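Any value given below was found using the heavy atoms of this structure, including those in side chains, with hydrogens, waters and symmetry copies removed. One is the number of the first residue; the rest follow in order along the sequence. Everything numeric in this text was worked out from a predicted model, so none of it was measured.
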Amino acid sequence: MRYAQGGGLTAERREFRERIRYEAGERFTRDERTAVIARDLRVSERSVERWRRAWREGGMDALASTGPAKLPRLSDGQFTESERELALGPAEHGWEDQRWTVARIRAVIAVRLEIGCSMAAVWRLLHRHGWSWQSPARRALERDEHAVELWKKDVWPQVE
């Protein structure tokens with residue numbers, strides 16, 4: 001389960017899932033059927049089979065949580081520092097246009113913080129901190145803003 005703010009499972013949710021795996025492990029020792037365990041614990045049979053395989057190979061220790069799937073490479077302080085760099089704008093960092101792309105952000109992090117990250121890691125980092133992609137508005141060069149406003153004011157109410 002992923003959350004809107006981009007993280008992953010919370011610590012409480014990881015602990016809850018670990019308890020379910022341990023419960024399944026106790027039932028493996030009693031040689032209960034996979035389908036029964038899955039139904040009672042409200043998980044898929046495939047998950048129970050995967051847990052049973054891990055339990056056979058490593059015992060109850062194999063059912064323990066391994067922690068969060070992906071830890072961020074940048075600390076909160078380093079991310080704050082990179083945000084300050086991004087606030088200066090792309091032109092300050094040598095790009096002609098005013099667009100921040102993931103590749104450009106990755107380059108700034110690599111140069112300023114001396115931390116190498118993949119494109120996917122930078123995207124997850126930005127998403128985790130509430131950033132989202134933005135697409136520039138495409139406007140015709142011939143667009144007359146004054147005429148558009150007049151049309152909205154005079155014509156559109158009549159159409160509605």
Side-chain angles (χ1 to χ4, degrees), residues 1-139 160:
M1 172 185 279
R2 304 291 284 170
Y3 291 92
Q5 55 274 50
L9 294 174
T10 62
E12 295 82 22
R13 190 70 181 154
R14 271 194 311 277
E15 186 178 312
F16 171 75
R17 288 190 173 185
E18 184 179 56
R19 282 196 309 266
I20 288 178
R21 288 192 300 274
Y22 283 146
E23 168 84 24
E26 291 170 10
R27 296 176 81 166
F28 296 154
T29 60
R30 297 193 298 258
D31 202 29
E32 290 188 33
R33 291 181 45 227
T34 299
V36 173
I37 296 171
R39 186 188 65 235
D40 292 348
L41 297 180
R42 299 179 67 194
V43 295
S44 70
E45 288 186 32
R46 184 177 231 170
S47 290
V48 175
E49 290 167 358
R50 191 175 60 247
W51 299 341
R52 189 184 299 268
R53 190 175 327 109
W55 174 76
R56 278 191 204 115
E57 294 171 4
M60 290 296 272
D61 292 338
L63 300 176
S65 174
T66 57
K70 300 246 182 206
L71 293 174
R73 293 186 80 165
L74 271 67
S75 68
D76 288 338
Q78 289 171 320
F79 185 77
T80 302
E81 185 179 336
S82 66
E83 275 187 315
R84 274 189 244 118
E85 289 292 328
L86 297 177
L88 297 174
E92 187 70 26
H93 294 281
W95 289 288
E96 292 181 14
D97 60 1
Q98 289 296 309
R99 291 180 305 146
W100 278 119
T101 63
V102 176
R104 289 178 178 184
I105 294 170
R106 177 183 176 210
V108 169
I109 291 172
V111 170
R112 300 291 190 210
L113 301 177
E114 297 177 357
I115 297 174
C117 296
S118 69
M119 299 279 276
V122 172
W123 172 252
R124 283 191 303 270
L125 178 73
L126 294 171
H127 190 66
R128 184 177 298 118
H129 285 276
W131 287 56
S132 64
W133 68 276
Q134 295 177 352
S135 160
R138 297 187 191 273
R139 304 267 185 204
E160 287 186 321

Minimum heavy-atom distance between Pro90 and Gln98, given as atom pair plus value: CD-OE1, 3.5 Å

Quick test of your reading: applying salt bridge (charged side-chain N to carboxylate O under 4.0 Å, His left out), list the pairs with at least one residue in residues 28-47, sequence neighbours left out, ordered by first then second residue. Arg27-Glu32, Arg27-Asp40, Arg30-Glu32

Rounding to 0.5 Å, atoms CD (Glu83) and CD1 (Ile105) come to a distance of 10.0 Å

Taking only distance into account, with no hydrogens and no angle test, what donor-acceptor pairs under 3.5 Å do side-chain atoms of residues 112-119 form with protein atoms, sequence neighbours excluded?
unit_1 : atom_1 : unit_2 : atom_2 : d
Arg112 : NE     : Glu85  : OE1    : 3.1
Arg112 : NH2    : His93  : ND1    : 3.3
Ser118 : OG     : Ala121 : N      : 3.1

Side-chain contact test, heavy atoms from C-beta onward, threshold under 4.5 Å: evaluate it for Thr101 versus Trp95 and give yes or no. no

With sequence neighbours left out, the residues meeting side-chain contact (heavy atoms from CB on, under 4.5 Å) with Ala110 are none

May I have the step-by-step check of side-chain contact (heavy atoms from CB on, under 4.5 Å) for Gln78 and Ile109, ending in yes or no? CA-CA 9 Å; Gln78 289 171 320; Ile109 291 172; over 6 Å; no

Any sub-3.5 Å donor-acceptor pair from Arg104's side-chain atoms to Arg99's backbone N or O? yes

Going from CD on Glu49 to CD1 on Ile37, what distance comes out if it is rounded to the nearest 0.5 angstrom? 10.5 Å

Does Glu92 use its side chain to pair, donor to acceptor, with the backbone of Gly89 at less than 3.5 Å? no

Sorted by chain and residue number, the side chain to side chain donor-acceptor pair (under 3.5 Å) partners of Glu15 (sequence neighbours excluded) come out as Arg19

I'd like to check Thr34 versus Phe28 (side-chain heavy atoms, cut-off strictly below 4.5 Å). Are they in contact? no

Compare every heavy atom of Ala62 with every heavy atom of Ala54, then report the nearest pair and how far apart it is. O-CB, 3.3 Å

Under the criterion side-chain contact (heavy atoms from CB on, under 4.5 Å), I'd like the reasoning laid out for Val48 against Leu41: C-alpha separation, chi angles, the key distance, then a yes or no. CA-CA 9 Å; Val48 175; Leu41 297 180; 5.6 Å; no

Distance in Å, Phe16 CZ paired with Ser65 OG, rounded so as to fall on 0.5 Å steps: 13.5 Å

Please check: side-chain N/O of Trp100 versus main-chain N/O of Leu86, any donor-acceptor pairing under 3.5 Å? yes

Residue pairs, two or more places apart or on separate chains, that pass salt bridge (charged side-chain N to carboxylate O under 4.0 Å, His left out) and touch residues 52-61: none

Identify, with sequence neighbours excluded, every residue that meets salt bridge (charged side-chain N to carboxylate O under 4.0 Å, His left out) alongside Arg50. none

From Glu26 CD over to Trp55 CH2, what is the distance, rounded to the nearest 0.5 angstrom? 11.0 Å

